[in-house]
Amino acid sequence: MSSAAPESKATDGTAQIGVTGLAVMGSNIARNFARHGYTVALHNRSIAKTDALLNEHGSDGEFVRTETMAEFAAALQRPRRALIMVKAGAPTDAVIEELAEVFEDGDIIIDGGNALYTDTIRREKAMAERGLHFVGAGISGGEEGALNGPSIMPGGPAESYKSLGPLLEEISAHVDGVPCCTHIGPDGAGHFVKMVHNGIEYSDMQLIGEAYQLLRDGLGMSAGEIAEVFTEWNTGDLDSFLVEITAEVLQQTDAKTGRPLVDVILDEAEQKGTGRWTVKSALDLGVPVTGIAEAVFARALSGSVPQRKATTGLASGELGERPADRDTFTEDVRRALYASKIIAYAQGFNQIQAGSAEYGWNVTPGDLATIWRGGCIIRAKFLNRIKDAFDEDPDLPTLIVAPYFRSAIEESIDSWRRVVVTATRLGIPIPGFSSALSYFDALRTERLPAALTQGLRDFFGAHTYGRIDADPAARFHTLWSGDHSEVEA
Ligand code: 6PG
């Protein structure tokens, strides 16, 4: 937009899309576009990465090698479409600024990284003021997905999707011929939805971890035996990418020691931050995403090395017997896992509905279930059920009450309670399973202890309360330090 690169304004290049930031994700997406017949302009801060891609994979399709941002812009057809695949945060801001300098009215800048949605809202506004379209696009599926078909969650102006959407849809994964990509909503909607996707991913992985630990410590099964259980589970309701790769990870033998790899990996889970962001946003929105929060905290706990060192081996109290029947308990764990997973998704979708209402995005939850069926990390057979549930009732207050999920939980509830009791009696930590069950029990409970909380708040802070027999908006206060009579506030 500045006069820094006037030559770029005179040219109209041949590339339909450009990718800047050619680490593995960026390279693979660029190759994916090229394999679909698009001419792809390549740019990277150091030219070595661009040349490495061209040397190793130049035969994938048509690429245009560029060294500077001005060359990059000149290589692109108008309206220009440039996908940024660099680290979230300051590096992304720097590249956006460089692009904005050489781009012109109506050109489209796409951020395909895991950006914080509030950054995306800010960037979209700033770019719109400069006449540019800014699209924050969540991209899921890791390196393999980027190359062979990811799930793509683009936000930004609807107008930009007209020009950009067909390209993204083409390179995305497809399920039953339907692309795993759709316009999510304005400004930060795409990155918000990707953030919650990752939160659900955390929750899914935590629940899988708990199931593994229950079979390992509750039944004394080996990694190989548990791998077989997961392989079997993957043929039913739990059919999903994460369950499938759990079996693969559990089957892996460590070349050095000959032991199962999972037994030699340090048990300290790391995180880049998207799960934490999900929980922070949920706290602000007031949405109880207990499953995601427990998963984030479970990772933090695993990494609390001094605390773990200081407490390992502390008294457990009297423990119960291991389950007598291996098959029965394994089936109980499967059902508990499925029910807890339903809760995690129900919570995540509630957060998306709340975020959409807060920011006026008009996100269609059923669309998300559709585009998460393939390409992404949480892809799972049961997303079809979620799509059906929202198709039937787009205003579903919670997935739990959709007929399919309601009966799935009813079928699992006894197993779920048995697993939570057994784990507690054996001293096996199951924050995901137990908090999901408590969440379900809390929702279905007619009277919660929140009435007492309100009474206490009124007592010490005159914060007032509503009454069951009055207009819900009316507030009352008891004169606790006076004659204990009630006044309307
Ligand atoms: C995806 C993944 C991807 C990444 C996670 C890992 O959808 O492809 O979610 O975005 O692997 O961000 O997150 P953690 O490092 O926080 O586990």
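Because only heavy atoms are used, hydrogens play no part in the values below, and waters and symmetry mates are left out as well, while side chains stay in. Quantities reported herein were computed from a predicted structural model and do not represent experimental measurements. Counting starts at 1 for both ligands and their atoms, in listed order.
- Ranking protein heavy atoms by distance to atom 9 (O) of ligand 1, first place goes to Glu201 OE1, 2.6 Å.
- Evaluation of the ring-ring contact (aromatic ring centres under 6.0 Å, His included) rule for Phe440 yields Trp416 as partners, not counting sequence neighbours.
- Between the choices Arg299, His197, Lys194, the shortest heavy-atom distance to atom 3 (C) of ligand 1 belongs to Lys194.
- Short contacts between ligand 1 and Tyr202, defined as distances under 4.0 Å to a heavy atom of the residue, involve ligand atoms 14 (P), 16 (O), 17 (O).
- Ligand 1 has no nitrogen or oxygen under 3.5 angstrom from a nitrogen or oxygen of Ile377.
- Side chain of Asn350 to backbone of Pro397: a donor-acceptor contact under 3.5 angstrom is found.
- The closest approach between a heavy atom of Gly273 and any atom of ligand 1 is below 4.0 Å.
- Closest to atom 7 (O) of ligand 1, if we only count protein heavy atoms, is Ser140 OG, 2.5 Å.
- Between Ile184 and Ile371 the shortest side-chain heavy-atom distance falls below 4.5 Å.
- A distance-only check finds no donor-acceptor pair linking the side chain of Ser340 to the backbone of Ala436 [under 3.5 Å].
- For a threshold of 3.5 Å applied to N or O pairs, the pair formed by Gly142 and ligand 1 contains at least one separation below that value.
- Between Phe349 and Phe390, the ring planes lie tilted relative to each other; the angle falls in the 30° to 60° range.
- Between the side chain of Gln206 and the main chain of Ala298, no donor-acceptor pair closer than 3.5 Å is present.
- Every N/O-N/O distance between Gln271 and ligand 1 stays at or above 3.5 Å.
- Residue-to-ligand polar distances keep Glu270 apart from ligand 1: every N/O pair is separated by 3.5 Å or more.
- Contact annotation for Met153 and ligand 1: no heavy atom of the residue comes within less than 4.0 Å of the ligand.
- Residues in residues 249-305 take part in no ring pair (Phe, Tyr, Trp, His ring centres under 6.0 Å) pair, two or more places apart or across chains.
- Taking the six-membered ring where tryptophan is involved, the planes of Tyr117 and Tyr359 are perpendicular, since the angle between them exceeds 60° and thus also 30°.
- Here the heavy atom of the protein found nearest to atom 15 (O) of ligand 1 is Lys272 CG, 3.1 Å.
- The closest approach between any non-hydrogen atom of Cys376 and ligand 1 is not below 4.0 Å.
- Leu207 pairs in a side chain to side chain contact (heavy atoms under 4.5 Å, CB included) with only one of the listed residues (Tyr212, Tyr202, Phe433, Tyr338), which is Phe433.
- Near Asn198, meaning under 4.0 Å from one of its heavy atoms, ligand 1 places the atoms 5 (C), 7 (O), 9 (O), 10 (O), 12 (O).
- In terms of protein heavy atoms, atom 8 (O) of ligand 1 is closest to Gly141 N, 2.9 Å.
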